[in-house]
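Here the structure comes first, spelled out in structure tokens, and everything after it is commentary.
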Amino acid sequence: MGLLASTFAVGQAPTRRPIVEPESYSPVPKRIRPSRRTALLAGQAITCFAGVATTALAVEANSVWLGTLGGALLAAAAALPAAWIYRKIQARRGQRPTSAQYVLAELAELGLATLSTDLLMHRAVRLLSDVLQARYVKVAKPQPDGSRLLVRAAVGWPAGVSGAATIPMDDRFAAARAFMSREIVAERGEIRATVPTPGVVRSSVHVPIVAGSETFGVLGIFWEDDRELASGDVDLITAVARVLSLAISRHRTEKAGREIRERYRAAAEGSLDAFYLLEAVTGPDGDEPVDFVFSDVNARGAELIGRTRDEIVGQRLCELLPFNRTGGFFDKYVRVMRTGTTLSEEFAINTPELPDKWLQHQVVALGNGVAITTRDITSRKRVEADLNDVNARLRTKNEELEQFVYTVSHDLKSPLVTISGFIGHIIRDADVQRWDRVRTFAERISTATTRLCLTIDDLLELSRIGRVTHQSSVVDVHRLVTGLSEDYAERLASVGAELEVQCGMPLVMADPIQIGEVFDNLIGNALKYACTKPGGRIAVGCVRCEEELRFFVRDNGPGVPAVYHERIFGLFQRLDSSSPGTGVGLAIVRKIAGLNGGRAWVESTPPDGATFWFSLPETLLAKEPSHAKVA
């Protein structure tokens, strides 16, 4: 630094020329012992590196507290030169604190207090102008395209220079050379400043504002006289440049972190999923987690558990939502945090906070805690359950259809075989002129044809049920069954049987034709199979049980063996093949019951008769309005 001072004092050439070779400059005065200089640089470098690394880690991990720590370390690095200058001046001059010390202290304090680099630069140029008695002081930063330097703060020039004046990025200009070489450039003689000045400038110094591998700008100072700078003044200028570089670096890091936090918050709040950040709470030993605390939650997450964000953040997980411990979720979160694995699962839950829900969550490790994304999949699970139910019904229908096709083909083929056989007999008898058996054969063909027609009619009736819809109306079941009993009166009298109808059976909202067909089939079956001898009794009634209206037709016949309880509701299934009928009646009963949301079944213990039931949902119970037509 002695070279720099002596060069200012010798020679008065009118042309400008460099007075310091870039490689000869050292930002620390040579009079300081190497051990102190090394300790200062090492301490400052370590602190600065720790601050930058911590801030970078904060950006990567999106951690607010890491960002705060990084900013504090950078501020500490910026304050080191001020502390060093203070001790150096005191030790060298033995004086009370000078204005240079206050400059650095004020700038360091301002750098910590504000994120506005413009405010810091304006304050720095004004303080340097006062302390160094400089006529002009400026700070310039490169424009986005890198072609020029833009003056961001200036003192001494007319108003309008700051924020408007530019310097070409050309090595003919000291500011540009200092920026590109990253070295101090000093000039002397009659200097024509790049930014025009009202007076003559005879000495200047430009110091690059550098942090790491990046150059942020240039600090330029001009005097109207031939100025010899003391080493303390050079130290001050270098320290101010360092404070500015660290402040700009901190500002950029804080801005990047703020933008990341804003993007994170926008993404979190715009998400349709719930999001939670949890930090581990350790026990007395400081190692084993005993709980987690909510450090952040988005609006969807607060809504999911029915609380506000302020009521959640800062609360302990297992205290706020105890099911996390009782349900084993806490142990899973600890395992994720320790192993770094990802947990993804779906689960059903029913708690006061989350009643009757299906949730899907993904848990990842994040620092000393976990991040959880939770999605409410209750609607999806209900749709899946409905689809499974529909698929099960479709499988049942397909099985019924296969059975239907097989049964129909068999039962339609049987009369056709009979007809074909007897026609063959007639043809053979006709060939030999034998006519005595033709009438018998013709009668059997007629019987088979009649049975085939009845079977086809019953199949057509079965197919119409559910395909042809009728208007639902209030059905008076008692009146309907009483009307059927009158239709069966002659047949009942012929076999010596009785039909009892329960009084007060309910009114229902249904298709009266279908309900009548159900009772017609059940009463007809009872007459056909149970009343084969005098003394038969048939009872029709209704009971309400388990949200159902259960109607019954009970007889005192021989009963139905248990092995046939389900089979007789199939197509063409009859207990007695010699009895008239096609075996479709009970299949019709079951289909009508199913279409109305009910069911059909039989209860019987031979020889104590049988009770045939069919039910309707209690929701079909109706009250007869004064204007309604009752069937």
Side-chain angles (χ1 to χ4, degrees), residues 8 16 18-20 25 27 100 103-104 106-107 110-111 116-144 146-211 214-225 227 229 233-248 251:
F8 268 110
R16 77 180 174 190
I19 58 176
V20 176
Y25 172 72
V103 168
L104 291 176
E106 181 173 341
L107 291 179
L110 184 60
S116 173
T117 55
D118 286 337
L119 178 62
L120 187 64
M121 287 188 291
H122 280 86
R123 187 59 182 158
V125 297
R126 186 163 298 281
L127 288 174
L128 285 175
S129 175
D130 293 342
V131 172
L132 299 178
Q133 299 178 351
R135 183 66 180 85
Y136 308 101
V137 183
K138 69 181 178 186
V139 175
K141 296 180 67 177
Q143 291 182 321
S147 63
R148 305 179 72 88
L149 292 169
L150 173 66
V151 176
R152 296 294 300 274
V155 65
W157 281 277
V161 169
S162 179
T166 60
I167 304 167
M169 196 68 76
D170 190 327
D171 59 5
R172 293 177 300 168
F173 305 105
R177 288 202 306 278
F179 181 85
M180 293 185 290
S181 67
R182 295 164 56 90
E183 297 287 348
I184 290 179
V185 174
E187 292 183 323
R188 55 160 302 172
E190 187 173 336
I191 301 170
R192 181 181 178 184
T194 310
V195 179
T197 58
V200 177
V201 175
R202 296 188 179 279
S203 55
S204 68
V205 61
H206 287 83
V207 180
I209 302 173
V210 177
E214 188 173 3
T215 305
F216 295 128
V218 176
L219 172 61
I221 307 172
F222 302 85
W223 291 269
E224 293 179 324
D225 59 346
R227 178 65 59 94
L229 291 178
D233 295 335
V234 177
D235 296 338
L236 174 62
I237 298 171
T238 305
V240 169
R242 181 63 58 85
V243 170
L244 290 176
S245 69
L246 291 175
I248 294 172
H251 169 73

Just how far is it from atom CG of L219 to atom OG of S245, taken to the nearest 0.5 Å? 11.0 Å

Close side-chain approach of V137 and L132, heavy atoms under 4.5 Å: no

Taking atom CZ as the centre, does R148 end up with more than 12 heavy-atom neighbours from other residues, nucleotides or ligands that are less than 6.0 angstrom away? yes

Please find the pair of heavy atoms, one from T117 and one from A247, that lie closest to each other, and give the distance. CG2-O, 4.1 Å

Between D171 and R177, is there a side-chain heavy-atom distance shorter than 4.5 Å? yes

For a quick test of reading the model, state the closest non-hydrogen atom pair linking L150 to A165 and the distance between them. CD1-O, 3.4 Å

Looking at A154 and V151, what are the two nearest heavy atoms and their distance? CB-CG1, 3.9 Å

Enter the distance from L127:CG to E106:CD here, rounded to the nearest 0.5 Å. 5.0 Å

Do R182 and T215 have a side chain donor and acceptor closer than 3.5 Å? yes

Enter the distance from I167:CD1 to H206:NE2 here, rounded to the nearest 0.5 Å. 6.0 Å

Evaluate the side-chain proximity of T238 to I184: yes if any heavy-atom separation is below 4.5 Å, no if none is. yes

Quick check: closest heavy atoms across A176 and P168, and the distance to 0.1 Å? CB-O, 3.6 Å

Please give me the minimum heavy-atom distance between A134 and I221, naming the atom from each residue. CB-CG2, 3.4 Å

Between the main-chain N or O of V125 and the side-chain N or O of S129, is there a donor-acceptor pair closer than 3.5 Å? no

Looking only at heavy atoms, what is the nearest atom pair of Y136 and W157, with distance? CB-CH2, 3.4 Å

Nearest-0.5 Å distance, CZ of residue R227 to CG of residue D233: 8.0 Å

How long is the gap from NE2 on H122 to CZ on R152, to the nearest 0.5 Å? 8.5 Å

Rounded to the nearest 0.5 Å, what's the gap from CH2 on W223 to CD on Q133? Could you check? 10.5 Å

Using side chain to side chain contact (heavy atoms under 4.5 Å, CB included) as the criterion, point out the one residue from L120, V207, L107 that pairs with L244. L120

Quick one, K138 with F222, criterion side-chain contact (heavy atoms from CB on, under 4.5 Å). Give me CA distance, side-chain angles, the key distance, then yes/no. CA-CA 9 Å; K138 69 181 178 186; F222 302 85; 3.9 Å; yes

Counting distance only, does the side-chain N/O of S147 pair as donor-acceptor with the main-chain N or O of M169 below 3.5 Å? no

